[in-house]
Engineer: 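The structure that follows is given in the form of structure tokens.
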Amino acid sequence: MSRFDGLNLPQLIELMHEVVQPEPVSRLPQTVGWWVVLGWLVAVGLLFAARRLRAWRRNRYRRDALTLLAAIEADAQSDPGAAAIAVAELVKRTALAAYPRERVASLYGDAWAQFLVASANDDAAVRDAAIRLATAAYRRDADGRELVAPARRWIRLHRA
């Protein structure tokens with residue numbers, strides 16, 4: 001015979017003890033290896049973030065040039081000749097910001113066009129418009145509306 005024989009349900013319930021909850025499991029790593037892995041991941045993440053920040057700062061001149069090019073494009077409808085001169089000047093200023101002055105400042109004409117093509121990795125759009133971009137500042141019949149797209153492409157593609 002057991003000690004529970006003859007007891008009704010409320011009496012049996014009073015004899016029950018509370019359910020014991022286990023200790024909560026720690027979410028922190030318990031071994032040194034996981035701390036090493038975590039430290040390594042944090043270090044790699046910081047290095048990646050530093051590289052991205054440096055690249056973003058290094059390419060500020062591109063963002064500024066693209067902003068100015070958008071303003072020139074908006075004004076190109078009213079005066080295409082002045083827009084052509086402004087585009088040519090902007091491309092030259094962008095190149096001066098990206099490359100050493102000794103390499104870029106003295107270039108003009110065919111040499112400047114060849115530099116634009118070479119620095120844009122021989123891109124077809126830049127190659128087709130390079131001579132027009134190189135001579136736009138010196139020609140009265142240049143149309144700035146035609147030069148905006150190749151200039152934008154060069155600003156985005158060139159490798160300094």
Side-chain angles (χ1 to χ4, degrees), residues 21-160:
Q21 295 289 332
E23 290 290 320
V25 177
S26 173
R27 294 183 192 265
L28 294 175
Q30 299 297 311
T31 59
V32 175
W34 287 112
W35 286 107
V36 170
V37 170
L38 180 65
W40 182 81
L41 287 174
V42 167
V44 168
L46 289 174
L47 287 173
F48 179 74
R51 277 187 95 182
R52 294 293 298 164
L53 179 64
R54 195 173 336 133
W56 183 77
R57 285 181 178 168
R58 195 173 45 239
N59 284 322
R60 179 177 180 191
Y61 75 96
R62 288 182 204 259
R63 293 188 304 275
D64 292 344
L66 290 171
T67 302
L68 290 172
L69 189 62
I72 292 169
E73 184 178 20
D75 295 338
Q77 299 303 326
S78 62
D79 191 1
I85 293 170
V87 168
E89 288 176 359
L90 179 63
V91 169
K92 187 73 159 198
R93 284 188 359 220
T94 304
L96 286 169
Y99 296 95
R101 184 170 290 279
E102 301 81 30
R103 183 175 172 196
V104 175
S106 63
L107 296 177
Y108 65 94
D110 288 337
W112 176 237
Q114 289 172 359
F115 171 81
L116 291 174
V117 171
S119 62
N121 295 328
D122 201 27
D123 182 66
V126 175
R127 185 176 355 124
D128 294 343
I131 197 68
R132 289 180 296 156
L133 279 169
T135 60
Y138 311 109
R139 293 180 42 210
R140 298 223 184 259
D141 62 340
D143 188 356
R145 295 173 294 195
E146 297 173 359
L147 299 176
V148 169
R152 180 178 293 118
R153 185 126 175 107
W154 182 83
I155 291 169
R156 287 186 177 147
L157 288 180
H158 77 273
R159 296 289 168 241

Engineer: Of all heavy-atom pairs between Val87 and Gly144, which one has the smallest distance, and what is that distance?
Structural biologist: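 So the minimum-distance heavy-atom pair works out to CG2-O, 4.4 Å.
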Engineer: Is a salt bridge present between Arg60 and Asp64, judged by a nitrogen-to-oxygen distance below 4.0 Å?
Structural biologist: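 Yes, charged N to carboxylate O under 4.0 Å.
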Engineer: At what distance, to the nearest 0.5 angstrom, does OH of Tyr138 lie from CD1 of Ile85?
Structural biologist: 10.5 Å
Engineer: Please determine whether a side-chain nitrogen of the Lys or Arg among Arg152 and Glu73 lies less than 4.0 Å from a carboxylate oxygen of the Asp or Glu.
Structural biologist: yes
Engineer: Closest approach of Pro29 and Trp35, non-hydrogen atoms and distance?
Structural biologist: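 In this case the closest contact between Pro29 and Trp35 is O-NE1, 3.2 Å.
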Engineer: Could you give the distance from CG (Asp123) to CH2 (Trp154), rounded to the nearest 0.5 Å?
Structural biologist: 12.5 Å
Engineer: Heavy atoms only: give me the nearest Phe115-Val104 pair and the separation to one decimal.
Structural biologist: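 For Phe115 and Val104, the tightest heavy-atom pair comes out as CZ-CG2, 3.8 Å.
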Engineer: Please check if the number of heavy atoms outside Arg57 that lie under 6.0 Å from its CZ is greater than 12.
Structural biologist: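 Open.
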Engineer: Output the distance between atom CG (Leu69) and atom CZ (Arg156), rounded to the nearest 0.5 Å.
Structural biologist: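 If we round to the nearest 0.5 Å, Leu69:CG and Arg156:CZ are 9.0 Å apart.
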Engineer: Decide whether a cation-pi geometry holds between Arg63 and Trp56; the criteria are a distance under 6.0 Å from NZ or CZ to the six-membered ring centre and an angle within 45° of the ring axis.
Structural biologist: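 Checked: cation-pi criterion met.
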Engineer: Under 3.5 Å, side chain of Tyr108 to main-chain N/O of Ala113, donor-acceptor pair present?
Structural biologist: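 Between the backbone of Ala113 and the side chain of Tyr108 there is no qualifying donor-acceptor contact (under 3.5 Å).
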Engineer: Please report the closest heavy-atom contact between Pro150 and Ala125, naming both atoms and the distance.
Structural biologist: CB-O, 4.1 Å
Engineer: Between Gln30 and Trp34, is there a side-chain heavy-atom distance shorter than 4.5 Å?
Structural biologist: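 Result no, sub-4.5 Å side-chain heavy-atom pair not found.
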Engineer: How long is the straight-line distance from CZ of Arg132 back to CG of Asp143, given to the nearest 0.5 Å?
Structural biologist: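 So the gap between those two atoms works out to 9.5 Å.
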Engineer: Would you say Lys92's side chain and Ala134's backbone share a donor-acceptor pair under 3.5 angstrom?
Structural biologist: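 Such a contact is absent between Lys92 side chain and Ala134 backbone.
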Engineer: Got a donor-acceptor contact below 3.5 angstrom from the Asp122 side chain to the Ala118 backbone?
Structural biologist: no
Engineer: Rounded at 0.5 Å granularity, tell me how far CZ in Arg103 sits from OG in Ser119.
Structural biologist: 7.5 Å
Engineer: Determine, step by step, whether Tyr99 and Leu107 satisfy the side chain to side chain contact (heavy atoms under 4.5 Å, CB included) criterion, reporting the C-alpha distance in whole Å, the side-chain angles of both residues, the deciding distance to 0.1 Å, and the verdict.
Structural biologist: CA-CA 12 Å; Tyr99 296 95; Leu107 296 177; over 6 Å; no
Engineer: Show the numbers, then the answer: is there a side chain to side chain contact (heavy atoms under 4.5 Å, CB included) between Asn121 and Leu157?
Structural biologist: CA-CA 8 Å; Asn121 295 328; Leu157 288 180; over 6 Å; no
Engineer: To the nearest 0.5 Å, tell me how far Ile155 CD1 sits from Tyr61 OH.
Structural biologist: 9.5 Å
Engineer: Show the nearest heavy-atom pair for residues Ala84 and Ala136, with the distance to one decimal.
Structural biologist: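 The answer is O-CB, 3.8 Å.
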Engineer: Counting N and O atoms only, with roles assigned by atom type, does the side chain of Arg62 sit under 3.5 Å from a partner on the main chain of His158, one being a donor and the other an acceptor?
Structural biologist: yes
